[in-house]
Amino acid sequence: MPIGLMSAMQEENSKLIAELGEDHHVIDKGMRRYHVGSLWEIPVVVVFSRWGKVAAATTATCLITEFNVGEIIFTGVAGGADPEVRVGDVVVATGLCQHDMDARPLFPRHEIPLIGRSTFQSDISRRVHAVEATKRFFLNDLVSQIDKSVFAEFGIVDPQVIEGEIASGDKFIAATAEIKELKSRLPRTSCVEMEGAAVAQVCYEYDIPWTVIRTISDAANEAAVIDFPKFVTAVASTYSYGILKQLFQRLRT
Ligand code: ADE
């Protein structure tokens with residue numbers, strides 16, 4: 001079964017699509033473009049999901065039901081929700097929840113109605129592979145692939161990979177007060193983004209494994225909006241490509 005590769009930014013996908021080369025085909029469905037081919041000899045379906053939980057959930061569902069993927073890997077950017085999670089770090093999700101789910105008083109805050117849980121846990125062995133791939137990318141490829149001036153511009157020093165909880169919601173968080181309030185409700189959150197928990201829920205319901213790998217682009221504070229577009233182009237797309245390459249080369253052996 002192919003692996004579904006999703007991202008919420010067009011720029012992140014473009015390097016992977018270039019790597020697919022001429023030997024792949026494209027299928028358009030539901031306003032998404034699915035690229036079907038192989039990356040480093042592993043069958044894949046690559047798709048740009050667009051932003052937010054609905055976009056991510058419909059795309060994940062289509063990958064599973066129409067393209068028969070056996071697992072989904074989501075790469076993208078996220079806002080750091082912890083002082084120890086810095087711009088340029090990578091968070092590999094241990095678990096994902098929806099920080100904007102609130103069906104009180106019928107269900108406890110954050111609990112997904114009728115599923116009876118608020119967090120979806122990732123598959124441990126896939127998570128470990130993703131962490132190891134990120135470490136190899138940092139060690140072997142980072143310096144040659146991203147210019148020093150880019151690191152200096154974004155204040156990236158000695159990037160780390162962190163295994164942590166991720167909170168998703170239909171809100172780009174760009175205010176210190178807002179991220180503090182979220183952390184008071186969900187204190188274990190390492191970073192925030194807008195799609196991962198939707199993908200995790202769809203995968204849970206279809207009983208397939210998922211992995212979410214997020215590059216920290218901002219600190220979910222007032223500076224987040226200014227940093228964002230340039231970071232995705234200059235840093236995040238290189239990270240996604242490099243980490244997946246390391247991961248796939250290891251899976252193949
Ligand atoms: N993705 C990247 N940065 C984010 C932020 N600050 N809030 C939500 N999603 C994000």
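Each ligand, and each atom within it, is numbered from 1 in the order the structure gives.
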Of all the atoms in ligand 1, which lie at a distance below 4.0 Å from a heavy atom belonging to [X]?
X	result
Ala220	6 (N)
Ser217	2 (C), 3 (N)
Lys171	8 (C)

What protein heavy atom is closest to [atom], reported as residue, atom name and distance in Å?
atom	answer
atom 4 (C) of ligand 1	Phe172 CE1, 3.3 Å
atom 9 (N) of ligand 1	Glu193 CA, 3.4 Å
atom 7 (N) of ligand 1	Ile173 N, 2.9 Å
atom 3 (N) of ligand 1	Asp218 OD2, 2.7 Å

*asked:* For the 3.5 Å polar cut-off, considering only N or O atoms, please tell me whether Met194 and ligand 1 meet it.
replied: no

*Under-4.0 Å heavy-atom contact with ligand 1, by part of Ala78 that carries it*: backbone

_Electrostatic pair Arg250:Glu132 at N-O distance under 4.0 angstrom_ = no

*asked:* For Phe138 and Tyr239: C-alpha separation, side-chain torsions, deciding distance, then whether ring pair (Phe, Tyr, Trp, His ring centres under 6.0 Å) applies.
replied: CA-CA 9 Å; Phe138 283 158; Tyr239 269 47; 5.6 Å; yes

*asked:* I'd like to know if Ala174 contacts ligand 1, where contact means a heavy-atom distance under 4.0 Å to any ligand atom.
replied: no

*asked:* When you measure from the heavy atoms of Arg214 to every atom of ligand 1, does any distance fall below 4.0 Å?
replied: no

_Matching residue for Leu63 among Val199, Thr58, Val47 - test: side chain to side chain contact (heavy atoms under 4.5 Å, CB included)_ = Val47

*Check Arg117, Arg104, His99, Arg185 against His110 for a side-chain hydrogen bond (donor to acceptor under 3.5 Å, both in side chains) and give me the one that passes.*
Arg185

*Apply the side-chain hydrogen bond (donor to acceptor under 3.5 Å, both in side chains) test between Asn13 and each candidate in Ser7, Ser49, Ser237; give the one that qualifies.*
Ser7

*asked:* For a quick test of reading the model, state the closest non-hydrogen atom pair linking Leu39 to Glu19 and the distance between them.
replied: CD2-CG, 3.5 Å

*asked:* In the structure I gave you, are the side-chain heavy atoms of Thr189 and Lys183 within less than 4.5 Å of one another anywhere?
replied: yes

_Whether the side chain of Arg214 engages the backbone of Val77 through a donor-acceptor N/O pair (distance < 3.5 Å, no angle test) should be reported._
yes

